[in-house]
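The structure appears below as structure tokens.
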Amino acid sequence: MTVMKTSMRNFVAHKGRMALSAIAVLLSVAFVCGTLVFTDTMSTTFDKLFAATSSDVTVSAKGASDSGETTADNGKPPVMPASVLGEVRKAEGVKSAEGTVFSTSVTVVDADKDSLSPTSGGPTIVGSWNATDARTMKITSGAAPRGAGQIMVDADTADKHGLKLGDEIGVLTAVGNHTAKISGIADFTVTNPGAAIFYLDTKTAQQALVGESGVYTNVNVTAAAGVSDAQLKKNVTAELGGGFQVKTAKETADANQKDVEGFMNVMKYAMLGFAGIAFLVGIFLIINTFSMLVAQRTREIGLMRAIGSSRKQVNRSVLAEALLLGLVGSVLGVGAGVGLAVGLMKLMGQMGMELSTDDLTVAWTTPVVGLVLGVIVTVLAAYLPARRAGKISPMAALRDAGAPADAKAGWIRGIIGTVLTGTGFFALYLASAADKAADGSLWLGLGVVLSLIGFVVIGPLLAGAVVRVLGAVLLRMFGPVGRMAERNALRNPRRTGATGAALMIGLALVACLSVVGSSMVASATDQLDKTVGTDFIIQSDSGQLISPQAVEAVKSSADLERVTEYKWTQADFTTPDGKTLKDTAITAADPSYATDLRTETVAGKLTDAYKPDSMSVHEKFAKDHRITLGSKVRVAFKGGRAADLTVRAITSSDVVIDAGAMYTSIPTMAKYVPADKMPLDTLLFASAKDGKQDAAYTSLKSALHDYPQYTVRDQTDYKEALKDQIGQLLNMIYGLLALAIIVAVLGVVNTLALSVVERTREIGLMRAIGLSRRQLRRMIRMESVVIALFGALLGLGLGMGWGATAHQLLELEGLMVLDIPWPTIIGVFIGSAFVGLFAALVPAFRAGRMNVLNAIATE
């Protein structure tokens with residue numbers, strides 16, 4: 001009880017000093033809890049949606065994916081004859097059945113040809129209005145569609161794009177373009193997480209989405225009273241026989257949930273990973289806080305020891321303070337986490353993914369995880385300072401003003417840090433020398449972890465040398481004030497090292513990712529310059545296949561020398577070694593593709609692969625299956641017949657563009673695949689006549705005006721789009737890393753604030769002999785800057801080393817160009833100086849306001 005009372009009194013007495021550490025715990029716990037609440041809420045939202053939109057039993061065409069979405073290479077949804085509906089209705093236990101048609105391989109535009117698809121990445125769905133949808137949609141304006149000229153839209157999409165009754169909408173599919181006017185607007189009775197949904201009447205949907213009447217993509221079946229979904233599925237399956245997918249409501253919902261589960265897991269674990277980084281940075285802040293508090297209370301601890309307190313009691317007293325800090329920070333963090341989750345939901349709403357707070361899900365495990373994690377991390381971080389406090393002898397404490405230095409601990413730390421750092425760098429070397437990227441990635445991960453820990457451990461030893469260099473370059477010009485700032489940073493290398501390490505972690509990751517991202521862009525750009533021999537690339541950014549009408553529009557454009565079609569499908573390969581490989585990708589293109597993409601071959605000529613009944617394979621595939629020039633590969637095309645194709649070229653596997661592709665000609669594929677099963681083009685390549693590039697570019701854009709789902713890019717546009725994609729990903733990662741950097745900034749603020757308190761008498765004496773308030777504040781700001789730059793220098797150097805090693809692995813995948821983004825690196829380094837200035841504002845201001853006489857009188 002005495003230990004707890006002492007801890008409580010010390011905690012309350014130093015509440016101001018504890019506040020920043022509590023904020024670090026709060027932020028880290030909030031990020032963990034916010035992530036869990038946010039992903040649980042997303043899961044609840046999708047569960048409710050899928051449960052509400054699933055009929056008791058759903059019959060789908062063979063070839064549909066588990067969730068029923070379009071998978072056909074011809075851009076049409078897999079369908080079944082309308083006669084299936086009559087057969088389903090005959091099954092025992094069927095109350096009602098309804099045939100529907102829907103597709104996700106569509107683009108919907110307004111009258112100005114602007115896309116109405118979600119910007120959040122959610123699907124665009126066009127289907128027939130049916131009874132199952134009527135359960136989850138309420139028509140709030142107008143009426144359901146009747147006839148080819150009418151379409152209904154969901155309310156969220158209408159609000160987002162300002163659509164109203166009577167507005168014209170275009171539905172663009174593989175079978176052509178369909179235009180209709182809005183007849184109704186329907187609102188979701190459940191939460192719509194971000195899909196854009198449009199409804200046609202059944203007959204129109206069949207023509208617009210499939211190009212033929214008398215077919216359905218699904219049959220929705222409702223069970224009669226007393227009939228379970230499982231029994232109904234059994235009855236329907238027995239009536240239909242094979243050749244169809246039959247699923248219960250639960251199976252359909254589970255399949256849909258599985259589709260989004262991967263995305264949610266990636267988001268969840270990525271955010272938890274960044275929360276872990278923030279926790280790691282927070283550990284340094286807590287260690288620094290308690291180390292300095294113990295040092296400032298050395299005399300007090302000595303008195304406690306002198307009147308009978310044991311080492312264990314002193315140790316427990318400090319750990320009890322940490323426990324209180326962890327509890328307070330964690331409780332507040334759990335509450336902040338729920339608020340963060342709501343904020344993330346609102347942010348996703350701005351981006352197009354609607355999540356309702358009505359579905360807010362706080363599982364009982366979330367606050368438990370937050371509390372346990374926050375408390376354990378805080379107590380563990382305080383263990384070393386607590387142990388150090390327990391080792392203080394009563395007489396030494398009464399005699400000295402601070403905690404005794406542990407020389408033995410210093411050289412042991414140096415040995416451990418050197419061994420860890422050396423081992424980490426050796427692992428990075430092994431990663432760079434690896435022959436396979438998979439093997440090298442394991443060494444890379446080990447090297448990153450060990451080198452990071454090694455730099456953290458050896459940080460106090462590096463602080464002396466690095467701070468002296470920074471001081472000579474930056475601080476000496478400020479005269480005596482600069483020299484005092486340098487000596488203050490050198491006074492306690494352990495504290496400077498720990499403070500710099502907190503900033504080092506976040507900046508090391510920023511530097512590493514910057515190098516990797518910049519190298520990926522530079523390598524892809526270099527590959528484009530070397531291998532792409534065409535002027536223009538036409539494709540859909542949403543992945544929609546290119547309709548035959550659009551292909552004809554491109555081919556009719558003026559000023560073009562040639563247009564190359566490019567399509568792919570799946571086939572079962574039987575190789576010379578007797579193995580059968582299911583669902584293997586094969587690409588079909590015009591012979592001119594060998595000119596449009598200058599792919600390196602290791603045997604034969606790529607142009608020969610486009611001869612009748614010929615193909616190419618890539619080098620790795622050839623080695624794995626003992627294939628040489630002239631070998632025969634049996635290719636059973638999806639939706640078509642099997643063919644024995646002769647291998648006439650073996651391409652290099654060390655490429656970025658079309659890596660792993662195996663080519664044949666379009667006429668060869670057409671020989672074995674029926675016309676109605678032929679895959680549509682994935683891409684088109686177009687080359688302009690000499691000197692006509694600008695005119696051809698304009699002509700292509702004009703030709704595709706009625707097909708806004710497709711984008712025309714020249715090589716410059718394509719490189720810019722690639723750079724933007726990687727840049728957006730990096731910016732998102734930098735945003736998440738900002739949390740760790742914020743915690744690190746709090747660490748600098750806390751270190752300086754406690755350092756000012758520790759040096760109260762010293763500051764008073766300096767003021768007494770003539771140091772002005774302005775000079776004092778400048779000294780503290782410069783001390784903060786040099787500590788921040790110390791952390792930045794270590795972090796950026798370490799991160800660039802990680803990034804360069806990662807690039808060695810990327811070279812094995814064909815990304816050959818190492819590009820150091822010096823503007824980013826230099827910008828981050830300069831930004832770190834401003835971080836140091838910002839962190840010092842409050843401590844410097846408080847130091848400048850000290851009463852000189854009271855400061856001198858402080859013991």
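Judged as a ring-ring contact (aromatic ring centres under 6.0 Å, His included), and not counting sequence neighbours, the contacts of His618 are Phe621. Asp529 is linked by a side-chain hydrogen bond (donor to acceptor under 3.5 Å, both in side chains) to Lys719, counting only residues two or more places apart in sequence or in another chain. Legend: residues meeting salt bridge (charged side-chain N to carboxylate O under 4.0 Å, His left out) with Asp819, ordered by chain and number and at least two apart, are absent. Qualifying side-chain contact (heavy atoms from CB on, under 4.5 Å) partners for Pro591, counting only residues two or more places apart in sequence or in other chains: Tyr610. Applying the ring-ring contact (aromatic ring centres under 6.0 Å, His included) test to Tyr663 and every residue at least two apart in sequence or in another chain returns Tyr593. By the salt bridge (charged side-chain N to carboxylate O under 4.0 Å, His left out) test, Lys623 pairs with Glu619, sequence neighbours left out.
Using a distance-only test at 3.5 Å, with no hydrogens or angles considered, no donor-acceptor pair links the side chain of Ser518 to the main chain of Val515. Judged by distance alone, with hydrogens and angles left aside, the side-chain atoms of Thr805 form no donor-acceptor pair with the main-chain N or O of Ser432 at under 3.5 Å. For His807 (side chain) and Leu818 (main-chain N/O), a donor-acceptor pair under 3.5 Å exists by modelled atom type. Judged by distance alone, with hydrogens and angles left aside, the side-chain atoms of Ser213 form no donor-acceptor pair with the main-chain N or O of Gln207 at under 3.5 Å. A side-chain donor-acceptor contact under 3.5 Å links Arg598 to the backbone of Lys530. Judged by distance alone, with hydrogens and angles left aside, the side-chain atoms of Gln549 form a donor-acceptor pair with the main-chain N or O of Val175 at under 3.5 Å. With hydrogens and angles disregarded, a donor-acceptor distance shorter than 3.5 Å links the side chain of Thr534 to the backbone of Ala686. At least one donor-acceptor pair closer than 3.5 Å links the side chain of Thr217 to the backbone N or O of Phe102. Tyr710 places a side-chain N or O within 3.5 Å of a backbone atom of Ser547 that can act as its donor or acceptor partner. Ser614 contributes a side-chain N or O that, together with a main-chain N or O of Pro612, makes up a donor-acceptor pair within less than 3.5 Å.
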Checklist entry - Can you list the steps and then say if Leu560 with Leu700 is a side-chain contact (heavy atoms from CB on, under 4.5 Å)? => result CA-CA 9 Å; Leu560 291 181; Leu700 274 172; 4.0 Å; yes
Item to check | CA sep, side-chain torsions, deciding dist, call: Phe685, Ile537, side-chain contact (heavy atoms from CB on, under 4.5 Å) | outcome: CA-CA 5 Å; Phe685 300 90; Ile537 301 171; 4.0 Å; yes
Item to check | side-chain contact (heavy atoms from CB on, under 4.5 Å) assessment of Met669 paired with Met678 | outcome: CA-CA 8 Å; Met669 181 182 285; Met678 275 291 285; 3.8 Å; yes
Item to check | CA sep, side-chain torsions, deciding dist, call: Leu683, Ile538, side-chain contact (heavy atoms from CB on, under 4.5 Å) | outcome: CA-CA 6 Å; Leu683 300 169; Ile538 299 99; over 6 Å; no
Checklist entry - Are Thr564 and Ser592 close enough, and set up right, to give a side chain to side chain donor-acceptor pair (under 3.5 Å), and what steps lead you there? => result CA-CA 6 Å; Thr564 302; Ser592 55; 2.6 Å; yes
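For the atom pair Tyr269 OH and Thr35 OG1, the distance stands at 12.0 Å (nearest 0.5 Å). Taken to the nearest 0.5 Å, the NZ atom of Lys76 stands 12.0 Å off from the CG atom of Leu545. Atom CG of Asp608 is separated from atom OG of Ser665 by 12.0 Å, given to the nearest 0.5 angstrom. The structure places CG of Asp681 at 13.0 Å from OG of Ser540, a figure rounded to the nearest 0.5 Å. Taken to the nearest 0.5 Å, the CZ atom of Phe573 stands 13.0 Å off from the NZ atom of Lys582. Atom CG of residue Leu645 and atom CD1 of residue Ile586 lie 6.0 Å apart, to the nearest 0.5 angstrom.
With contacts defined as side-chain heavy-atom distances shorter than 4.5 Å, the pair Val712/Leu704 qualifies. Side-chain contact between Asp572 and Asp583 is present, with heavy atoms from C-beta onward closer than 4.5 Å. Using a 4.5 Å cut-off on side-chain heavy atoms (C-beta onward), His625 and Val633 make no contact. A heavy-atom distance below 4.5 Å is not found between the side chains of Met800 and Ser514. Put simply, the side chain of Asp717 reaches to within 4.5 Å of the side chain of Asp714, judged on heavy atoms. At a threshold of 4.5 Å between non-hydrogen side-chain atoms, the residues Thr646 and Lys632 count as touching. Contact annotation: the side chain of Met662 approaches that of Thr584 to within less than 4.5 Å [non-hydrogen atoms, C-beta and beyond]. A 4.5 Å side-chain heavy-atom check between Val221 and Asp56 finds every atom pair outside the cut-off.
Side-chain atoms of Thr574 and Lys579 include no donor-acceptor pair closer than 3.5 Å. When only modelled atom types and interatomic distance are considered, Thr668 and Asp613 share no side-chain donor-acceptor pair under 3.5 Å. Between Asn235 and Gln231, the side chains place a donor N or O and an acceptor N or O closer than 3.5 Å (distance only, hydrogens not considered).
Between Ala249 and Ser55, the closest heavy-atom pair is CB-O, 3.2 Å. Annotation for Leu85 and Gly99: closest pair CD1-N, 3.8 Å, computed over non-hydrogen atoms. Counting all heavy atoms, side chain and backbone alike, Glu251 lies closest to Val246 at OE1-O, 4.1 Å. Between Leu209 and Ser103 the shortest heavy-atom distance is CD1-N, 3.9 Å. The shortest non-hydrogen separation linking Ser631 to Arg626 is OG-O, 4.4 Å. Listed here is the closest heavy atom pair of Trp568 and Pro679: O-CB, 3.7 Å.
Salt bridge Glu565/Lys555: present, at least one basic N to carboxylate O contact under 4.0 Å. Taking a cutoff of 4.0 Å between a charged side-chain nitrogen and a carboxylate oxygen, Asp254 and Lys250 qualify as a salt bridge. Using a 4.0 Å cut-off between charged side-chain N and carboxylate O, Asp541 and Arg713 make a salt bridge.
Atom CZ of Phe426 is surrounded by 12 or fewer heavy atoms from other residues, nucleotides or ligands within 6.0 Å. Surrounding CE of Met520 are at most 12 heavy atoms belonging to other residues, nucleotides or ligands under 6.0 Å away. Atom CG of Asp435 is surrounded by 12 or fewer heavy atoms from other residues, nucleotides or ligands within 6.0 Å.
When each of Thr682, Asp658, Asp596 is checked for a side chain to side chain donor-acceptor pair (under 3.5 Å) with Tyr566, only Asp658 meets the rule.
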